[in-house]
Amino acid sequence: MTDSILSKAATMEIPINSNGDTRTAEDDSLEQGAQIGGSLDEIVGTLPVAMDLQQVMVSGPNLNETSIVSGGYGGAAEGIIPTSSIKAPSMHHSNSNPMMSEEATRGVAVEKFDSVKKWSINTYKCTKQMFSERFGRGTKTVDMELEAQIDVLRETKLKYECILRLARDLTNHFYNMVQTQQALGDTFADLSQKSPELQDEFGYNAETQRLLCKNGETLLGAINFFVSSINTLVNKTMEDTLMTIKMYENARLEFDAYRTDLEELSAGPRDAAAMMRIEIAQQQYQIQKDKYDRLRSDVTIKLKFLDENKVKVMHKQLLLFHNAISAYFAGNQQQLEQTLRQFNVKLKPPGSDKPSWLEEQ
């Protein structure tokens, strides 16, 4: 009977109460002995085993050093999983302060909102001013002298664009003619070798076409230099000045819009709230006036330098164009070459437009 009690004591479950405290093995063994009706000696005999279980539960090994038995008590060794390999999820907290991040996001949002608000107000005022000017209800600040210079520039740019377009057409047509002369000269030279009875005649014509082709290439170099200079003047120098003029016209529209707004507020009531709005409008008006004056000065300076640069460039290019055309059609090869040297026009050697063997790889 003692063996039966020991076996039951060794395999009995260890209950846990609601507070998570384990009941002692000593209490369980005493209750088991009382239920069986054993003698006091038999109950005492079970105490060492119960005390061993109590010692294991109270002062047993660390949780990381124990094992989980998958097959029950006394199961196979292969079912044992070391609990040291089971790690709890990391509980690290982020060092970043969510309040700081929220404040930074709110600051960016407020800044964007203010920017959109200012842009909307400015766009509304400028649109209102533009429609007022177009329908004759609003006043417009006009600098008569500057506006006349701007109109002249725009008209000049249109005429120079026409010259540039025609010069490019001349270049294309003349290039095709030179290519035709070169092909014709090669054909004459070939026939001079194959037609003994007309060898001299074909030879003279072949030499003439080759000379014309050579002079044509020289003239093409002069015309290309002329086209390049006109293109720079029209599409870079004049265009840069026109961009500044566009900025000036936008600044003029903004200036008039805020000027009109200030005039309307000044004509209204003069209570405390109105005086505050008038003061803000006065500040905005002064900012726009400074911007308008600065851009007007920039336009005046650029127009002056553009006019000087235009005269200088066109004097050189028109003289080059005239001398080169005259020398070519007069058949004066020396004067044609001298003209290119005079204006520092460098001709590209034949085949320079083709990519090198390294670039083709």
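Just so you know, residue 1 is the first one in the sequence shown, and it goes up from there.
Rounding to the nearest 0.5 Å places CG of Leu184 at 8.0 Å from CD of Gln181. To the nearest 0.5 angstrom, Phe188 atom CZ is 6.5 Å from Phe202 atom CZ. Summarising the geometry, atom CD1 belonging to Ile223 is positioned 11.0 Å from atom OG1 belonging to Thr218; distances are rounded to the nearest 0.5 Å. Between atom CG of residue Asp307 and atom CD of residue Gln149 there is a gap of 8.5 Å, rounded to the nearest 0.5 Å. Between atom OG1 of residue Thr141 and atom NZ of residue Lys289 there is a gap of 10.0 Å, rounded to the nearest 0.5 Å.
Not one N or O on the side chain of Ser228 forms a donor-acceptor pair closer than 3.5 Å with the backbone of Asn224.
Here Lys236 does not pair with Asp240 in a salt bridge; the nearest charged N to carboxylate O distance is not below 4.0 Å. Note on Arg294 versus Asp290: no salt bridge recorded, every NZ/NE/NH1/NH2 to OD/OE distance being 4.0 Å or above. Residues Arg252 and Asp256 are paired through a salt bridge, judged by an N-O separation under 4.0 Å between the basic side chain and the carboxylate. In this structure, Glu161 does not pair ionically with Arg168, as no charged nitrogen and carboxylate oxygen lie closer than 4.0 Å.
Counted within 6.0 Å of CD on Glu145, heavy atoms from surrounding residues, nucleotides or ligands total 12 or fewer; the atom is thus considered open. Heavy atoms from other residues, nucleotides or ligands lying under 6.0 Å from CE of Met243 number 12 at most.
Counting only heavy atoms from C-beta outward, the side chains of Lys291 and Leu295 approach each other to under 4.5 Å. Counting heavy atoms from C-beta on, the side chains of Met177 and Thr180 never come closer than 4.5 Å. Contact of the Arg154 side chain with the Ile245 side chain is registered, since non-hydrogen atoms from C-beta on lie closer than 4.5 Å. In this structure, Asp293 and Arg296 have side chains that are in contact, with non-hydrogen atoms separated by less than 4.5 Å. Here the side chains of Leu166 and Leu170 are not in contact, with every heavy-atom distance at 4.5 Å or above. Annotation: side chain of Leu146 is in contact with side chain of Leu303 (closest heavy-atom distance under 4.5 Å). Proximity of Cys162 to Lys159: side-chain heavy atoms (C-beta onward) are nowhere separated by under 4.5 Å. Contact annotation: the side chain of Gln283 approaches that of Glu279 to within less than 4.5 Å [non-hydrogen atoms, C-beta and beyond].
Taking Gln182 as the reference, Gln179, Asp186, Cys213 meet the side-chain contact (heavy atoms from CB on, under 4.5 Å) condition, with sequence neighbours excluded. Residues meeting the salt bridge (charged side-chain N to carboxylate O under 4.0 Å, His left out) test with Glu239, sequence neighbours left out: Lys157. Taking the side chain to side chain donor-acceptor pair (under 3.5 Å) definition, one finds that Gln338 meets it with nothing, sequence neighbours left out.
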Let me see the working for Thr244 and Lys302 under side chain to side chain donor-acceptor pair (under 3.5 Å), right down to the final yes or no.
CA-CA 8 Å; Thr244 306; Lys302 284 198 173 186; 2.9 Å; yes
Take Phe225 and Leu340 through the side chain to side chain contact (heavy atoms under 4.5 Å, CB included) test and state the conclusion after the steps.
CA-CA 10 Å; Phe225 185 74; Leu340 267 66; over 6 Å; no
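For the residue pair Ala281 and Leu265, the shortest heavy atom distance occurs at CB-CD1, 3.7 Å. Asn235 and Asn231 make their closest contact through ND2-OD1, 2.5 Å (heavy atoms, listed as atom of the first residue, atom of the second, distance). The shortest heavy-atom contact between Leu220 and Thr171 is CD2-O, 3.8 Å. Of all non-hydrogen atoms in Ala189 and Ala206, the two that sit nearest each other are N-CB, 3.6 Å. Smallest separation of non-hydrogen atoms from Leu320 and Ala222: CD2-O, 4.0 Å.
Counting only residues at least two apart or in different chains, side chain to side chain donor-acceptor pair (under 3.5 Å) contacts with residues 198-215 are absent. Sorted by first and then second residue, the pairs that involve residues 152-186 and meet ring-ring contact (aromatic ring centres under 6.0 Å, His included), not counting sequence neighbours, are Phe174-Tyr328.
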List, one per line, each side-chain donor-acceptor pair under 3.5 Å for residues 330-337, sequence neighbours excluded.
{"unit_1": "Asn332", "atom_1": "OD1", "unit_2": "Gln334", "atom_2": "N", "d": "3.4"}
{"unit_1": "Asn332", "atom_1": "OD1", "unit_2": "Gln335", "atom_2": "N", "d": "3.1"}
{"unit_1": "Asn332", "atom_1": "ND2", "unit_2": "Gln335", "atom_2": "OE1", "d": "3.2"}
{"unit_1": "Gln333", "atom_1": "NE2", "unit_2": "Glu337", "atom_2": "OE2", "d": "3.3"}

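Between Phe226 and Phe321, the distance from one ring center to the other falls under 6.0 angstrom.
The aromatic rings of Tyr292 and Phe255 sit parallel to each other, their planes meeting at less than 30°, with 60° as the upper class boundary.
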